[in-house]
2 protein chains.
Amino acid sequence: MTNNFSSISTSSRSLHVQVARSIARRILSGELAQGSLVPNEMTLCEQFGVSRTALREAIKLLTSKGLLESRPKIGTKVVHRAYWNFLDAQIIEWMDGLSDPEVFCSQFLGLRRAVEPEACALAAIHATPEQRQELSEIFQEMVKVTENFNQAKWTEVDMSFHQVIFNSTNNDFYLPFGNILTTMFKTFIMHSSKEGDVCLNEHRLIYEAIMAGDSAKAKAVSLDHLQSAKHHLPET
Amino acid sequence: MTNNFSSISTSSRSLHVQVARSIARRILSGELAQGSLVPNEMTLCEQFGVSRTALREAIKLLTSKGLLESRPKIGTKVVHRAYWNFLDAQIIEWMDGLSDPEVFCSQFLGLRRAVEPEACALAAIHATPEQRQELSEIFQEMVKVTENFNQAKWTEVDMSFHQVIFNSTNNDFYLPFGNILTTMFKTFIMHSSKEGDVCLNEHRLIYEAIMAGDSAKAKAVSLDHLQSAKHHLPET
DNA sequence: ATGTTTTTTTTGTATTACAATTGATAAAAC
DNA sequence: GTTTTATCAATTGTAATACAAAAAAAACAT
């Protein structure tokens, strides 16, 4: 995690990403109907005031996420919603402001409740010594932050905690949930969480179960954590 | 699902997708190390014998999936594995032949066991009348195929069955699993499944529980289904 | 009517040129 | 000697133009 570029937001300044975001939001909001043709390249170039190069790179980006599909002579179509990859951090970011945050978060929780307890169970079994060490350090940090409470710091360390757990499953298919969860946090969940201490205890239970290699308990306490009150309403 | 273009494979003939696939496989296999710089654009253009246009569209596609990250003057880096989006059908396709299929399938099953039972539970509650109708028709088809057994037909209808269930959750975050499962089937799971009839009964239980709106039972029988023997080893 | 050829529209690919970013280097100021 | 500032150079970013390829639509022939 050390030698990656500063952050995703850096490249968001690039023109084709801005164009992609704009088109994506038209699709995600339903302004561009599923199955309909978007305007042809030259028209879009004029609409956005960019070159075909930039526009096409934008379209390729959206095609890769399952939103668009192009064919010569026909044009570019918005594909059916069932093919949109909502398990993609960038798409989740782009949903900001398009969907009722409460509904969206509650849907996400519907998936998270299925995935995260199992991730904890797997981490309890498969975490390497290095990963256990890392988790341990993060939990230490968590304790420290709680003693001298700081909202920003706590969100940061909370995200790291969950991310390390997903990594510790050592299962490729669980890895993406780390980013997805982080993105959901940053984009939608800005809840004030005054009950930092309560949370700490819940995290402690998860932490200890994983370190002890007790997968059943890890799963159970994680599920408890996700059913605690604060997950139900994202207080803006 | 009616008015999409013939299939994804059509566009795979396009040059930038071929290039993307080739680079992706070098990354996924580890031949291009995480954090390392890939050769600059002109070098890659020469290596692949394509124009910068095509090459850059390929890179944009891979960037969108979390495999690459570019910056002016610096170059293009392979990002850390934790950011690769394994929950992407195209990446899963590209893994073909790069990973031990048995390990890969077993990892996938590790996620599927978490997600699909919950999807069945949600479908039992949230499926619309139209979706219940669709599920019903597909199950009818399933019965018919079993009576006059045909491997290809059965795989087809099996995929549809599970896809409709994910759609019937009416939860955006469950939608992508339909494609992912289908892709896993097509790419890795070619098991002969002589026990088609046994499976039919398992599917019947799932089908009936969902139609009855019994979420707890739907979840339970789905989990049973996923723990039945044939899921453990993909017989090539 | 039906099959075949031509036309036309749209995306796909190539090429060239220049702009913007930024690390590295060198120069200047303190 | 250290720090700041300016310059340089390498790489990606953007633009513009031209032509190729695909495929639907139209025109044509049978």
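Predicted model, so just to flag it, every value in this text is computed and none were measured. Residue numbers begin at 1 in each chain, while the letters A, B, ... track the order of the sequences.
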Student: Is the distance from OP1 or OP2 of C/dG12 to the nearest side-chain N or O of B/His16 less than 4.0 Å?
Tutor: no
Student: Output yes when at least one side-chain N/O atom of A/Ser51 is less than 4.0 Å from OP1 or OP2 of D/dT14, else no.
Tutor: no
Student: Counting only side-chain nitrogens and oxygens, does B/Thr76 get under 4.0 Å of the OP1 or OP2 atom of D/dT12?
Tutor: yes
Student: I need the CD-C1' distance between A/Glu57 and C/dG12, as an integer number of Å.
Tutor: 14 Å
Student: Can you check the A/Leu37 CG to D/dA24 P distance for me, whole Å?
Tutor: 12 Å
Student: Do B/Thr63 and B/Ile59 come close enough that some side-chain heavy atom pair is under 4.5 Å?
Tutor: yes
Student: Could you run down the sub-3.5 Å N/O contacts of the protein with nucleotides 17-20 of chain D?
Tutor:
| residue | atom | partner | partner atom | Å |
| --- | --- | --- | --- | --- |
| D/dA18 | N6 | A/Arg52 | NH1 | 3.4 |

Student: Does C/dG12 have OP1 or OP2 under 4.0 Å away from a side-chain N or O of A/Arg56?
Tutor: yes
Student: What is the distance, rounded to the nearest whole Å, between atom CG of B/Leu61 and atom P of C/dG12?
Tutor: 12 Å
Student: Given D/dT11, C/dT13, D/dA15, identify the nucleotide with an atom nearest to the side chain of B/Leu15.
Tutor: C/dT13
Student: If the condition is ring-ring contact (aromatic ring centres under 6.0 Å, His included), which residues does A/Tyr207 pass it with, not counting sequence neighbours?
Tutor: A/Phe139
Student: Does A/Pro72 or A/Ala54 map to a spot on DNA chain D nearer the 5' end, using the closest nucleotide for each?
Tutor: A/Ala54
Student: Please produce a list of atom pairs where a protein N or O lies less than 3.5 Å from an N or O of nucleotides 23-25 of chain C.
Tutor:
none

Student: In whole angstrom, give the distance that lies between atom CD of A/Glu69 and atom C1' of C/dT10.
Tutor: 15 Å
Student: Can you tell me the distance, in whole Å, between the CE atom of B/Met42 and the P atom of D/dT12?
Tutor: 10 Å
Student: A/Leu44 CG to C/dT11 P: how many Å, rounded?
Tutor: 8 Å
Student: My understanding is that only residues two or more places apart in sequence, or in another chain, count here; which of them pass ring-ring contact (aromatic ring centres under 6.0 Å, His included) with A/Phe104?
Tutor: A/Phe188, B/Phe173
Student: Over how many whole Å does the gap from B/Leu55 atom CG to C/dT13 atom P extend?
Tutor: 12 Å
Student: Pairs of donor and acceptor atoms involving the side chains of residues 176-185 of chain A, under 3.5 Å and at least two apart or interchain, shall be tabulated with distances.
Tutor:
| residue | atom | partner | partner atom | Å |
| --- | --- | --- | --- | --- |
| A/Asn179 | ND2 | B/Ala82 | O | 3.1 |
| A/Thr182 | OG1 | A/Gln163 | OE1 | 3.4 |
| A/Thr182 | OG1 | A/Gly178 | O | 3.0 |
| A/Thr183 | OG1 | A/Asn179 | O | 2.8 |

Student: Apply side-chain hydrogen bond (donor to acceptor under 3.5 Å, both in side chains) to B/Asp158 and list each qualifying residue two or more places apart in sequence or on a separate chain.
Tutor: B/His162, B/His203
Student: Does B/Ser168 have any side-chain hydrogen bond (donor to acceptor under 3.5 Å, both in side chains) partners at least two apart in sequence or in another chain, and if so, which?
Tutor: none
Student: According to salt bridge (Lys or Arg N to Asp or Glu O under 4.0 Å), does anything in residues 28-40 of chain A pair up with another residue at least two apart or in another chain? List the pairs.
Tutor: none
Student: Please list all pairs meeting salt bridge (Lys or Arg N to Asp or Glu O under 4.0 Å) that have one or both residues in residues 45-55 of chain B, counting only residues at least two apart or in different chains.
Tutor: B/Glu41-B/Arg52
Student: If you measure only the distance, is there a donor-acceptor pair under 3.5 Å linking the side chains of A/Ser36 and A/Lys77?
Tutor: no
Student: Please give, in whole Å, the distance from D/dT11 P to B/Leu68 CG?
Tutor: 17 Å
